[in-house]
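Sharing a structure, written as structure tokens. Questions coming.
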Amino acid sequence: MKNTVYVISGPAGVGKSTTSRRLVKTLDRSAYISGDVISHLPVNGRGKPWLDRSTLDLTWKNILNLTMNLLDYKYDVVIDYVSFPKEVKESVKYFV
């Protein structure tokens with residue numbers, strides 16, 4: 001059986017984190033990835049992801065690598081991040 005990746009998205013303040021944390025608790029073997037936490041890993045030289053394409057690309061690359069590692073170990077993954085259809089569509093090809 002394949003594991004599932006859930007992407008919870010929406011504008012700031014709508015409850016993405018709350019929804020994601022509740023969802024991850026309902027799954028037997030699951031992991032939670034906060035895109036905001038991942039985007040803040042680089043400390044110096046980091047741009048705002050909504051203004052700096054390289055920061056956004058690095059954030060998604062890190063999210064995807066973590067997701068693939070977790071899927072390899074049979075976890076369902078819940079990603080909490082402001083995501084646009086383009087990023088999600090580009091990411092889906094890595095999961096199928």
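Numbering of residues begins at 1 and proceeds along the displayed sequence. Hydrogens, waters and symmetry mates play no part in the numbers below; they use all other heavy atoms, side chains included.
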May I ask whether V7 and L56 are part of the same hydrophobic cluster, defined by side-chain heavy atoms of I, L, V, M, F, W, Y residues being less than 4.5 angstrom apart, directly or through others?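 Cluster IDs for V7 and L56 match.
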How close do L70 and A31 get, heavy atom to heavy atom, and via which atoms?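 Where L70 meets A31 most closely, the heavy atoms are CD1-CB, 3.6 Å.
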Do the side chains of Y81 and I38 get nearer than 4.5 Å, heavy atoms only?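 They are not in side-chain contact.
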Side chain to side chain contact (heavy atoms under 4.5 Å, CB included), that's the test. Do T4 and L27 meet it? Break it down for me. CA-CA 10 Å; T4 304; L27 304 168; over 6 Å; no
Got a donor-acceptor contact below 3.5 angstrom from the R46 side chain to the S39 backbone?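 Yes, R46 side chain to S39 backbone: donor-acceptor pair under 3.5 Å.
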Can you tell me how far OG of S34 sits from CD1 of I8, rounded to the nearest 0.5 angstrom?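 Output value for this atom pair is 12.5 Å.
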Can you name the nearest heavy-atom pair linking R29 to Y73, along with the distance?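 The answer is NH2-O, 3.1 Å.
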Do the side chains of Y6 and S20 get nearer than 4.5 Å, heavy atoms only?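 No, their side chains stay 4.5 Å or more apart.
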Single-linkage hydrophobic cluster M68~L66, side-chain heavy atoms < 4.5 angstrom: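 Yes, same cluster.
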Main-chain N/O of K61 paired with N65 side-chain donor or acceptor, under 3.5 Å: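 Checked: pair present.
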Determine the minimum heavy-atom distance between D80 and K16, stating which atoms define it.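 Shortest heavy-atom separation between D80 and K16 comes out as OD1-CB, 3.3 Å.
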To the nearest 0.5 Å, tell me how far I79 CD1 sits from T67 OG1.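 Here the interatomic distance stands at 3.5 Å.
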Examine distances only and state if a side-chain atom of D76 and a backbone atom of S30 form a donor-acceptor pair shorter than 3.5 Å.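 Checking the backbone N and O of S30 against the side chain of D76, no donor-acceptor pair under 3.5 Å is found.
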Between CZ on residue R22 and OG1 on residue T18, distance to nearest 0.5 Å: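 Taking CZ in R22 and OG1 in T18, the distance rounds to 6.0 Å.
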Minimum heavy-atom distance between G35 and I63, given as atom pair plus value: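 Residues G35 and I63, closest heavy atoms: CA-CD1, 3.9 Å.
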Give, for atom CG of D72 and atom CG of N3, the distance between the pair rounded to the nearest 0.5 Å.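 With rounding to 0.5 Å, CG (D72) is 10.0 Å from CG (N3).
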Nearest 0.5 Å please: distance from the OG1 atom of T55 over to the CG atom of L41.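 These two atoms lie 12.0 Å from each other.
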Nearest 0.5 Å, what's the OH-CG distance between Y75 and N69?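 Y75 atom OH to N69 atom CG measures 12.0 Å (nearest 0.5 Å).
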